[in-house]
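Structure first, commentary second.
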Amino acid sequence: MMALMGNEAHNPRADQGLITPDEYLRILDAQLAPLPTERRRVAQSQGCVLAADVHVLTPTPAFTNSAMDGFACRLADIEKQGIPATMPVSADVPAGNPLVVLAPRTVARIMTGAPVPDGADTIVPVEDTNVPAGPRELPSEVRIEKAPKPGAHIRRAGEIMGAGEVVAEKGQVLTPFTIGGILSAGVSEVDVVPLPRVLVISTGAELLSASGGSASLDDGGTFINDSNGPMIAALLRQWGCTDVHNTSVNDDPEALAEVISDHAGLVDLVVTTGGVSAGAFDPLKMLADSGRDDVDLHFLKVAQQPGKPQGYGTIGDGRIMMLPGNPVSAFVSAWLYVRHVFGRLSTHPTRLAYVTGRMSASLGPFGGKRRFVPAVLRDGEFSLLGADRGFSHAASTLHRANVLLIVEPDTAATEGDEMRAIAIDRSAV
Ligand SMILES: Nc1nc2c(c(=O)[nH]1)N[C@H]1C(S)=C(S)[C@@H](COP(=O)(O)OP(=O)(O)OC[C@H]3O[C@@H](n4cnc5c(N)ncnc54)[C@H](O)[C@@H]3O)O[C@H]1N2
Ligand code: MOO
């Protein structure tokens with residue numbers, strides 16, 4: 001497993017009940033296995049990982065065909081006359097035509113992709129004849145004005161790939177190119193590791209959507225928009241998940257349990273945000289304490305900021321990850337942990353992309369926690385977006401970030417220092 005960075009040999013935070021980010025990844029790893037493989041139609045497998053090598057059924061090309069619109073001939077017939085050579089046209093071979101035999105001392109009009117007649121060994125493009133290009137009646141004869149090269153413009157059966165060769169390998173992600181390649185090899189179904197189906201639940205009585213959207217700040221209310229749920233759902237879709245549900249619930253453990261049980265068997269992973277710290281109304285904590293024997297939830301503290309409180313476990317047969325409610329904490333937790341779990345379930349490669357740059361401002365030390373600070377990397381320089389210290393609520397700064405700057409525990413970062421960061425957007429790479 002890829003270390004999230006730093007020397008993990010000694011963890012001085014252990015006596016404070018804190019674990020390191022890498023220890024948390026190891027805990028998650030111990031519970032995870034790839035989803036069971038499925039046989040799927042290739043066209044319905046985009047974004048999945050191949051669970052087995054795919055072998056060519058239909059060679060490429062499937063049959064010997066023309067690479068040009070023109071005339072199929074026997075080169076010796078042309079050479080016998082010399083250029084220009086006037087030849088009778090004995091057949092018309094559009095694409096999709098059955099294989100024909102070329103009559104002696106004649107040529108056949110042929111289209112790109114049409115099977116080369118038996119007996120023909122060269123294609124003369126229409127541009128090298130007296131026949132104008134484009135739709136027209138079959139001419140009775142054609143004058144060949146340019147000497148063709150032997151074997152010109154013929155795509156031979158199997159010259160690119162023969163039957164039985166591997167056209168795509170186990171572990172490859174089904175991209176548009178892979179889909180095209182596999183289908184052209186005559187394979188219509190493949191074994192894949194499916195993408196996890198995910199239910200994202202925002203918890204909190206203060207969320208507008210949880211309250212039915214009836215309250216507004218204009219009323220002097222204390223409600224907020226649910227930014228976490230749609231943000232996490234969007235991240236999952238960005239990573240490739242197609243089946244992502246998103247809802248929110250009040251601080252009611254029964255309502256939360258009901259939403260989860262309504263989705264039993266329909267999702268592979270539940271991701272919640274909110275209610276994992278020390279609040280008196282946290283529904284996940286209440287659910288954990290409810291004594292239900294189908295609920296197995298674990299809460300822990302990771303020596304990082306943001307994203308200290310985390311949780312994982314199972315409710316019934318469903319796997320759950322519980323992220324902190326502060327929006328930047330939720331984002332960082334999703335990038336470090338949900339992405340990792342997505343990778344383990346789907347077998348997608350989800351290695352973090354690290355970048356380096358120089359600090360354009362200074363950041364003070366932040367206790368014994370590793371910081372993941374949203375920042376912008378441009379022209380080799382990191383600029384900070386929000387407050388130096390607590391910024392886990394500062395979601396509105398997040399939209400500009402393209403990296404999470406890594407600041408080691410008890411360490412300051414001074415202007416000009418070279419630092420490492422995790423890229424969260426292509427603009428940083
Ligand atoms: N006594 C303690 N209090 C807190 C601790 C602690 O250790 N002891 N940890 C702090 C840290 S660190 C974090 S992070 C937060 C995590 O809190 P919860 O996961 O319990 O989340 P909530 O209390 O429900 O909400 C926190 C914050 O985020 C806002 N929020 C929640 N959901 C959403 C959403 N879907 N969209 C946008 N914003 C959301 C919520 O309104 C709160 O402001 O706990 C600290 N407290
Ligand atoms: O760890 Mo919390 O995630 O600081 O804000």
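What's counted below: heavy atoms across the whole structure, side chains too, no hydrogens, waters or symmetry copies. We're numbering straight along the sequence, starting at 1. Computed from a predicted structure; not experimentally measured.
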| Would one find more than 12 heavy atoms of other residues, nucleotides or ligands at under 6.0 Å from atom CG of D379? | no
| Only one of I123, V93, I154 clears side chain to side chain contact (heavy atoms under 4.5 Å, CB included) with S66; which? | I123
| Any donor-acceptor pair under 3.5 Å from S333 side chain to L323 backbone | no
| said: Tell me whether R378 at atom CZ has more than 12 heavy atoms from other residues, nucleotides or ligands lying less than 6.0 Å away. | reply: no
| request: Can you tell me which residue pairs pass the ring-ring contact (aromatic ring centres under 6.0 Å, His included) test with a partner in residues 18-47, sequence neighbours excluded? | output: Y24-Y337
| field | Nearest-0.5 Å distance that lies between atom CD1 in I19 and atom NZ in K308 | value | 13.0 Å
| query | With distance as the sole test, does R344 use its side chain to make a donor-acceptor pair with the main-chain N or O of H340 at under 3.5 Å? | reply | no
| task | For N228 and G325, indicate whether the former's side chain and the latter's backbone hold a donor-acceptor pair under 3.5 Å. | result | yes
| task | Find out whether L384 and L363 are in side-chain contact, i.e. whether some heavy atom of one side chain is under 4.5 Å from a heavy atom of the other. | result | yes
| said: Keeping D226 on the side-chain end and G229 on the backbone end, is there a donor-acceptor pair under 3.5 Å? | reply: yes
| remark: When rounded to the nearest 0.5 Å, the distance separating CD of Q310 from CD of Q304 is 6.0 Å
| request: Check for a donor-acceptor pair, side chain of N402 on one end and backbone N or O of L377 on the other, with a separation under 3.5 Å. | output: yes
| How are the rings of F342 and H348 set to each other: parallel, tilted or perpendicular (split at 30° and 60°)? | tilted
| said: Looking at T20, is its backbone amide N or carbonyl O close enough to the side chain of E23 to form a donor-acceptor pair, meaning the two atoms are under 3.5 Å apart? | reply: yes
| task | Could you tell me whether the side chain of K285 and the main chain of S277 form a donor-acceptor pair under 3.5 Å? | result | yes
| request: Can you sort out the partners of A168 under side chain to side chain contact (heavy atoms under 4.5 Å, CB included), two or more places apart, ordered by chain and number? | output: L50, V54, Q172, T178, I182
| Are more than 12 heavy atoms from other residues, nucleotides or ligands located less than 6.0 Å from atom CZ of R426? | no
| Does any donor atom in the side chain of E145 or T129 lie under 3.5 Å from an acceptor atom in the other side chain? | no
| Within the side chain of N65, is there an N or O that forms a donor-acceptor pair under 3.5 Å with the backbone of F63? | yes
| query | Heavy-atom distance under 4.5 Å between the side chains of M321 and T272, does that happen here? | reply | no
| said: Given 3.5 Å as the limit, does a donor-acceptor pair link the side chain of R156 with the main chain of P61, or not? | reply: no
| request: Find the distance between CG (D92) and CZ (F71) and round it off to the nearest 0.5 Å. | output: 8.5 Å
| task | Examine the side chains of D69 and T112 and answer whether a donor and an acceptor come within less than 3.5 Å of each other. | result | yes
| said: Which residues pass the side chain to side chain contact (heavy atoms under 4.5 Å, CB included) test with E258, not counting sequence neighbours? | reply: D262
| request: For salt bridge (charged side-chain N to carboxylate O under 4.0 Å, His left out), just list the numbers for R358 and E418, CA-CA rounded to whole Å, side-chain angles, deciding distance to a tenth of an Å, and then say yes or no. | output: CA-CA 4 Å; R358 291 200 178 278; E418 180 153 311; 3.4 Å; yes
| task | Show the numbers, then the answer: is there a salt bridge (charged side-chain N to carboxylate O under 4.0 Å, His left out) between K170 and D53? | result | CA-CA 5 Å; K170 177 180 175 176; D53 288 352; over 6 Å; no
| said: Using modelled atom types and a 3.5 Å cut-off, is there a donor and acceptor pairing between side-chain atoms of D121 and backbone atoms of L75? | reply: yes
| query | Side chains of D425 and S427: do they bring a donor and an acceptor to under 3.5 Å? | reply | yes
